Every structure is written in structure tokens, then in C-alpha cells.
Student: 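Here it is, the structure, as C-alpha cells.
Bear in mind the structure is a predicted one, so any value in this text is a computation, not a measurement. In listed order, ligands and their atoms are each counted from 1.
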Amino acid sequence: MGTGSQCFWILSLTLSLYFIHSTSSSHVYIVYLGHAHHTNPLLTYEHHVRHLASVFHSKEEAKEAMVYSYKHSLSGFAATLNASQAAILTNTRGVISVFRSRMMKLCTTRSWDFMGLTLDYNGGTPLQLSHGEDVIVGVFDSGVWPESPSFHEEPGTPLVPKRWKGACERGDDFDPKKHCNRKLIGAKYFKSGFERSYGKIDKTKNPEYISARDILGHGTHTASTAAGSRVRTAGLSGAAGGVARGGAPRARLAVYKVCWSYGGEGACAEADVLAAFDEAVRDGVDVISASIGRKAPARLESAAGVGSFHAVQMGVSVVFAAGNAGPDLSTVDNVFPWGISVAASTLDRSFPTEILVDGDGAASFVGEALIEKGVSGALARTRDFFYNGICDMDNRNLTGRSASGLILVCFSNDGSETLSVRAEYAASLINATALIFVQPITRPLAALSIVPVVRIDLIQGTKLGKLNYGTKLHIRPSETALKRSSAPMVAAFSSRGPSSISPDFLKPDISAPGVNILASWSPKAPPTIFPGDSRSIKWNMLSGTSMSCPHVSGVVALIKSAHPLWSPAAIRSALLTTAHNTDIYGDGIAVEASEKSADPFDIGSGHIDPLKALDPGLIYDTTTQDYVNFLCNMGYSEAQLQAMVICPQVRCPDEPEPNWNINYPSISVSDLRCATTVKRTLKNVGHSKTAVYYVSVVKPHGVEVVVWPRVLMFSPFKEEITYRVTMSPLKISRGRYDFGSITWSDGFHHVRSPLVVQVNTNEVLTASVI
Ligand SMILES: *[C@@H]1O[C@H](CO)[C@@H](O)[C@H](O)[C@H]1NC(C)=O
Ligand SMILES: *[C@@H]1O[C@H](CO)[C@@H](O)[C@H](O)[C@H]1NC(C)=O
Ligand SMILES: CC(=O)N[C@H]1CO[C@H](CO)[C@@H](O)[C@@H]1O
């Protein structure tokens with residue numbers, strides 16, 4: 001499935017409302033000026049007002065139009081402007097870019113076309129080596145439910161690190177004394193950008209807390225995934241019980257609420273997101289976890305792009321969700337070369353649910369569901385309840401008959417693609433006892449639903465369809481099964497590479513668990529978004545790259561704790577070069593829905609391996625100059641770049657440096673027409689200063705690969721070594737992608753980089769043959 005539309009439906013809704021609200025053609029724009037060079041923030045504010053006043057009649061008007069003055073870790077401002085004012089500012093000296101503050105959304109599948117799953121830590125990854133208690137994780141999301149046991153302070157937690165400059169802000173039902181502790185050390189909220197676009201938050205129409213308290217559940221879920229304390233008895237509906245804990249259970253949490261309830265979902269204004277970046281970096285977070293994204297196209301000129309550029313320059317790692325617009329190519333979001341973009345994969349846990357056929361001991365079906373109590377009912381004929389036989393919640397199509405006592409079977413490929421959530425809601429409207437939803441493939445998604453829903457695949461569905469109407473069916477309670485299916489598998493919804501900004505560095509970077517993830521939840525957020533669902537739960541299972549992102553953030557915190565001096569690029573390299581590419585059975589990682597092998601556009605460098613990432617042996621340390629070279633290629637001028645970096649000595653190289661030469665932990669060359677040489681520099685960070693590494697290469701199909709030198713000898717005098725990879729096309733191809741890898745090994749460490757090559761020789765070779 002994966003229509004990708006889940007990233008849009010709320011957007012179209014919000015945009016139409018937006019136009020109703022706005023009286024003129026004014027919008028919130030972000031005016032980006034570069035690095036915050038002023039040491040006195042007040043000076044910067046005055047400077048911003050003066051700058052803005054140049055397109056207004058007075059300073060007072062300018063102050064009124066201003067939404068934010070960004071002045072801590074970057075310089076710029078957000079303001080309500082009309083198009084001509086924005087155009088004038090774009091061409092003003094000192095302005096790097098001017099872009100609209102658009103709405104971002106949470107990268108969860110909790111929406112009409114995908115819903116609910118979880119993050120679970122049954123059995124747990126063995127991450128006891130390091131606890132990360134000196135590391136601060138900043139989560140940009142919908143806030144936090146502070147009473148959740150995931151945010152309890154464990155006994156013996158040391159004092160908050162002295163360098164912390166953040167705060168716990170008072171607000172609706174949020175009392176710093178009561179709700180913050182040595183675990184949850186910061187809680188701020190940013191709503192000015194949201195309110196400028198959508199009007200003042202009206203709590204009578206749309207329940208919200210004007211504070212960091214989370215009414216949506218999503219922020220509580222991601223924060224507890226990244227750094228939740230250990231909690232026994234986590235669980236949902238009797239399934240997936242056990243101990244829950246975040247990736248870095250002792251790390252400190254600072255929550256930045258940038259997403260607000262809007263039509264039951266979250267909307268996050270870019271002006272607010274950039275404000276959170278500006279403050280979080282100044283506050284002293286070490287890692288930023290942002291499970292938010294924008295609809296295509298991916299852009300550098302965005303709050304995420306600009307904010308993360310400054311965060312990374314200041315030594316703060318930024319982890320993003322890759323997006324849920326898969327499985328189509330080039331859907332990956334948050335593709336900045338300085339960030340980490342995380343794909344989602346399955347856990348080895350499933351919730352098999354048996355369907356028994358009355359009077360036929362042999363016939364039974366197994367699907368996936370989260371059903372606590374068994375139910376029985378007679379098989380129903382859909383046409384009795386829907387005029388067109390399609391399970392849909394559209395009122396006009398309901399016959400008005402009740403399906404009470406009956407089990408409805410709906411096919412996803414009836415008519416236009418039927419969405420399981422719409423079918424589920426339809427089943428609840430006609431009071432069906434249960435719904436069996438048939439999909440072409442078994443997608444191991446389980447979710448709390450308003451009527452019991454079992455998902456089965458088409459092969460079983462076809463058999464079930466042959467049963468007579470009225471046949472009695474029994475659905476048994478769901479079991480929790482471990483290691484029954486191959487895992488990890490890349491989730492069908494996970495957004496795919498190559499990056500639409502530049503295919504010459506690989507995105508997504510890595511994959512992590514993002515399907516059926518159990519984590520803490522806001523009791524104010526019902527488990528489904530259907531009207532009338534008034535259940536309150538403390539744990540919820542969700543699926544999405546929103547869930548895989550905080551897994552990586554937690555591991556980044558652990559690496560940071562073990563290696564406090566490592567740069568964000570070094571940490572990213574450690575994660576990527578140690579990622580594994582086999583599943584729990586030693587087979588290659590597969591793609592859900594097809595069972596075919598995953599490639600780097602699905603999972604980047606592979607699936608996260610937290611323990612190995614703590615000791616990678618060698619790292620690729622990407623420098624600011626690498627990012628500058630990239631930005632030069634993207635059309636930024638030297639003057640602009642000098643305003644953007646801390647150390648303004650940067651220059652664009654005389655000969656443009658291709659993007660494939662960014663010292664990235666993976667190698668990607670698009671448009672290979674003739675022999676091309678890529679260079680990389682490795683740094684020894686192993687325990688021993690003396691080390692010898694040998695290369696092994698898996699060549700992409702039809703490409704000759706020569707690595708030079710083939711042996712790297714590190715010593716106390718030679719910590720860094722550069723090697724070169726020459727790739728030559730051996731075949732005629734018109735732009736097909738092929739994959740290989742380069743691995744450096746000292747016998748213990750295996751430092752692996754995927755090799756992505758697009759041979760494009762059709763014209764060249766044809767011409768030479770003639
Ligand atoms: C934009 O706003 C400025 C300042 O208020 C005003 O002078 C100008 O006429 C506006 N332009 C448009 C096209 O509305
Ligand atoms: C389903 O049950 C509700 C509540 O009992 C009732 O109001 C509604 O009419 C029923 N719907 C149908 C289609 O029978
Ligand atoms: C969503 C859906 O199936 N809508 C259908 C409802 O019924 C009318 C008339 O029968 C159709 O035209 C719609 O397509």
C-alpha cells in the first residue's frame with residue numbers, strides 16, 4: 001500500500017482552513033541570516049527589528065509582524081509578510097534565504113490510512129554498558145505526559161548536569177516543581193508560529209494544553225522511546241507485556257513542544273520548530289530527536305534544514321524520521337548531509353490471531369491483531385450493509401442494516417483501494433462484532449481498534465471468501481510471538497531513497513524498529529482517532545518512522561556518553577558503518593510486502609546495531625568544509641556561507657568538489673559515465689593507536705571497483721588515512737542503480753560502507769560503437 005497520502009490529508013485540511021482564516025495574502029515567512037555572531041541577544045533583536053522595519057512603514061508595525069527573533073544559535077526572524085515584502089527582503093544584503101513557514105507533521109502512521117503500533121523492548125537490547133546519564137536528549141514533538149512512569153526519576157539519579165541552561169516552563173496543568181525532575185529536566189512550548197497561521201488556540205473547540213503537556217500522545221511515545229526510564233508491567237490489551245524502557249534509559253530528557261492538536265492530529269509550524277532548534281542548542285542538549293517531516297519536495301531552505309545545520313555545527317546530533325511515504329522511490333525526507341535520516345523496520349515480534357471455522361476442525365486462518373477477548377459471529381455478506389459492497393464509512397453507502405453478531409470480511413482491493421481504517425470505522429458504524437481485513441500481503445501491523453480487527457493475507461482471504469455466508473467463526477485472543485517471522489524487515493511505509501536533493505550521498509542513513517512499537521501514551525489521547533472513542537490508555541502501539549527515529553536518538557545518546565568528544569559526524573559514522581545487513585536468521589534483510597532483499601535505498605547502511613556502534617574501530621569524520629562544499633554546489637555564495645559558519649574562514653573550492661566526495665560513511669555516485677574516483681578519509685578511534693585494516697569489496701553489477709591503497713596502517717603518527725575508490729562502468733545501462741559495498745577490517749572491526757552506483761552509459765557507449 002503506502003500511498004504516502006498520510007502525510008497530506010491533514011495538510012490539505014489545515015490549508016483550506018488557513019485560507020479561511022487569513023484576511024490578506026500574508027503568510028509567516030522565515031528570514032534566515034546565518035550564524036548568531038552577536039554575543040548580546042538583545043542587540044540581535046534590535047538588529048532584526050531594524051531589518052524588518054525596512055519593509056514596513058514603522059518600527060511598531062515591524063514589531064507587530066514579528067513572530068520570533070532567532071538569536072541564540074542562529075540568526076534570523078519569523079514574521080508575517082506579504083509576497084512583495086518577502087521578495088524585497090530576499091534581495092537585501094545579509095539575507096541568506098527567505099522561505100514560507102509551512103506546516104510539518106508527525107511521521108506516525110496514526111492517521112486515516114495507517115494506524116497505531118508500538119515500540120517494545122521485550123527482552124531488551126543489551127545496552128547496559130553505558131547508561132547515558134550525562135547526556136541530554138531534546139525531543140521536538142507534541143510535548144510529554146509527565147506522570148507517565150517512563151519519566152520517573154530512578155533512585156540514585158545524579159544532579160542535573162551543570163552545563164544545562166534550559167528550563168521547565170509553567171503552563172496549563174504543568175508545574176515545574178511537580179512535573180520536572182532529574183529525568184525530565186526541560187519542558188518548553190512554542191506556539192506563536194502555529195497561532196499566526198491558524199489563529200489563537202481555542203481550547204473549547206480543540207482540546208489542548210497551553211503548556212508542554214501532551215494531548216496527542218505522540219510526543220510521550222517518542223520521548224519514552226528515546227530515553228524512557230525502565231518500567232515493568234508495560235503492555236497493551238494483554239499483549240506485548242514486559243519491561244519497557246527507552247534506548248538510553250538514564251539519559252536526561254528535554255521536551256520541546258512544537259506540534260499542536262489540529263483536527264485530532266499534530267501540526268507543527270516551521271517557525272516554531274526553528275525556535276526550538278535555536279533554544280535547544282543554547283540550552284545544552286546533546287541530541288535532537290525530531291520525528292516530524294514535510295510533504296515533498298525536500299528542501300534545504302526549511303526549519304529542519306537550517307536548524308539542524310546550526311545544531312550540528314555546535315556539536316549537537318540531529319536525528320530525523322525519514323518519512324512514511326514509501327515504498328515509492330525518492331520519497332525520503334530530511335535529507336540534509338549533516339543529519340541522520342531514519343527508516344523503519346519490523347521487530348521480531350508478531351501478534352498471531354487465530355480464526356476458527358465452526359464445524360470444520362481443519363479449517364483455520366491466522367492473521368495479525370491485538371484482541372484481548374475472543375469473539376464469535378457469523379460470516380456476513382458485505383452487500384447487505386453497503387450499497388456498493390465496498391466497506392467504507394461514507395454514510396450514503398450504508399444500507400442502515402445492523403451487523404450486530406456478524407463478522408464482516410473486507411478486501412483492501414475492492415474497488416479503489418479500501419483503507420483499513422475506513423473499513424474499521426465502517427464496521428463500527430454498522431455495529432459489526434468483528435472485521436477481518438484482507439490485504440494482498442501480510443503486513444505485521446497490529447493496532448488497538450474500535451471493533452476487533454484481524455488482518456489476513458490474500459491467499460487466506462480467498463479461502464475465507466469461499467465459505468458460506470452465515471458460517472460461524474471464532475476469533476481467538478491474540479498471542480504474542482517472538483522470532484516467528486523474519487526480522488528486521490523494512491516496513492512498506494518507510495520512505496525510500498535516493499535523496500531528491502542530491503543522489504550523491506545516501507539517504508536514508510539507517511533503519512531502526514518502527515513497527516508495532518509499544519511506548520508510553522497520553523491518557524488524554526484515545527487509541528484511535530475515530531469520533532466517539534473515549535478510551536484512555538497509558539501505553540500504545542504505534543508504527544512509523546516517528547518511532548524508529550527516537551530509537552536511533554537513544555543510541556546516539558549512549559555513544560555520546562561513551563565518547564563525549566566525538567562530533568555528530570563521528571557518531572553517525574559509528575552507527576552507519578556497524579549497521580548490520582542480515583536478519584535474525586542470518587539471511588539478508590528483506591523488504592516487507594515483497595520478501596525481496598532490501599537495498600540501500602530502503603535501509604541506508606543497514607539496521608542499527610547499538611553495541612557495535614560503541615566501538616566502530618574507524619570513523620569518517622565529516623567536516624564543516626564538506627558541508628560548505630556541498631552548499632557551494634547547491635548555489636550558496638561564499639559570502640552567504642561565511643555568514644552561516646562559526647569560523648568564517650571557509651571558501652568554495654576553485655574546482656567544485658562533487659557531492660560524492662563529502663566524507664560520508666556511505667558512497668553513492670549517480671550518473672557514472674566514465675571512470676570516476678571518489679575519496680574518503682578514515683580516522684582510527686580504536687583502543688590501539690596501531691592498527692592494520694584490509695579492504696574487501698563487493699562490486700556493484702557491471703562496475704569495476706579499484707580501491708587504493710588496499711591496506712591502511714594506522715599508527716600514533718598516522719591517525720587519519722585517505723583512500724580512493726575508482727569506479728568504471730563495464731556495461732551499457734541507462735540509469736539503473738546497482739549496489740555493492742566496501743568493508744575495512746582489522747579482523748575484529750568491520751567498517752562497512754554501502755556502494756551505490758548508477759551507470760548511465762547508454763549514449764556514451766552507443767556513440768563509440770558507431
Ligand atoms: C505589502 O505590505 C506593505 C506594508 O504593509 C504594503 O505597503 C504593500 O502595499 C503590501 N503589498 C501588497 C502586494 O499587498
Ligand atoms: C449501532 O448501535 C448504535 C448504538 O446502539 C445505534 O444507535 C445504531 O443505530 C446502530 N447502527 C445500526 C446500523 O444498526
Ligand atoms: C466511497 C464510496 O464507495 N462511495 C460510493 C457511495 O455510493 C455512491 C452511490 O452508490 C457511489 O457513487 C460512491 O462512489
Side-chain angles (χ1 to χ4, degrees), residues 18-31 48-69 76-92 95 97-101 192-193 196-197 271 373 375-410 414 418 420-437 448-453 469-470 475 526-535:
Y18 175 75
F19 287 120
I20 295 164
H21 277 298
S22 65
T23 45
S24 69
S25 55
S26 290
H27 299 284
V28 177
Y29 284 84
I30 292 167
V31 180
H48 291 160
V49 172
R50 272 203 308 278
H51 206 136
L52 186 54
S54 69
V55 292
F56 283 97
H57 303 299
S58 70
K59 233 171 144 176
E60 279 54 51
E61 262 184 44
K63 277 186 181 164
E64 197 144 296
M66 190 177 286
V67 185
Y68 284 107
S69 162
F77 51 88
T80 309
L81 302 171
N82 61 32
S84 41
Q85 291 169 310
I88 295 168
L89 283 174
T90 306
N91 296 313
T92 311
V95 172
S97 54
V98 177
F99 52 92
R100 283 268 304 275
S101 163
S192 310
R196 271 300 162 103
S197 292
K373 288 196 204 94
V375 291
S376 300
L379 188 60
R381 185 201 310 265
T382 45
R383 246 173 290 126
D384 292 343
F385 308 97
F386 305 98
Y387 284 126
N388 53 8
I390 298 171
C391 303
D392 194 87
M393 55 192 220
D394 191 333
N395 263 328
R396 292 164 305 170
N397 293 327
L398 303 178
T399 60
R401 288 173 65 175
S402 165
S404 168
L406 300 177
I407 294 180
L408 201 59
V409 179
C410 297
D414 258 346
T418 302
S420 73
V421 283
R422 293 184 70 96
E424 179 185 336
Y425 193 52
S428 81
L429 287 177
I430 60 172
N431 302 326
T433 296
L435 164 68
I436 297 173
F437 192 75
L448 274 187
S449 44
I450 36 172
V451 289
V453 179
Y469 295 113
I475 298 175
T528 70
I529 56 175
F530 300 124
D533 189 350
S534 57
R535 292 172 293 177

Student: Taking atom OG of S69 and atom NE2 of H51, what is their separation to the nearest 0.5 Å?
Tutor: 12.5 Å
Student: Going by distance only, is there an N or O of N431 that falls short of 3.5 Å from an N or O of ligand 2?
Tutor: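 For ligand 2, there is an N or O atom that lies under 3.5 Å from one belonging to N431.
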Student: Start with the C-alpha distance between Q85 and F56, add both sets of side-chain angles, then the distance that settles side chain to side chain contact (heavy atoms under 4.5 Å, CB included), and finish with yes or no.
Tutor: CA-CA 8 Å; Q85 291 169 310; F56 283 97; 3.2 Å; yes
Student: Please report the interatomic distance OG(S428) to CG(L435), rounded to the nearest 0.5 Å.
Tutor: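 Atom-to-atom, S428:OG and L435:CG are 10.0 Å apart.
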Student: Taking only heavy atoms of L429, which atoms of ligand 2 are found under 4.0 Å from at least one of them?
Tutor: 11 (N), 13 (C)
Student: Under 4.0 Å, heavy atoms only, figure out whether ligand 2 is touched by the backbone of L398, its side chain, both or neither.
Tutor: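 No part of L398 is near ligand 2 at this cut-off.
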Student: Between L398 and F386, is a side chain to side chain contact (heavy atoms under 4.5 Å, CB included) present by the stated rule, with each step listed?
Tutor: CA-CA 5 Å; L398 303 178; F386 305 98; 3.4 Å; yes
Student: Using a threshold of 4.0 angstrom between heavy atoms of the protein and any atom of ligand 1, which residues qualify?
Tutor: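 Residues within 4.0 Å of ligand 1: V55, H57, N82, S84, Q85.
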Student: Does R401 use its side chain to pair, donor to acceptor, with the backbone of I430 at less than 3.5 Å?
Tutor: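 Side chain of R401 to backbone of I430, a donor-acceptor pair under 3.5 Å: no, none is there.
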Student: Does the side chain to side chain contact (heavy atoms under 4.5 Å, CB included) test come out yes or no for V28 and T80, once each step is laid out?
Tutor: CA-CA 4 Å; V28 177; T80 309; 4.2 Å; yes
Student: For a side chain to side chain contact (heavy atoms under 4.5 Å, CB included) check, start with the C-alpha distance between L379 and I436, then their side-chain angles and the critical distance, and finish with the verdict.
Tutor: CA-CA 10 Å; L379 188 60; I436 297 173; 5.6 Å; no
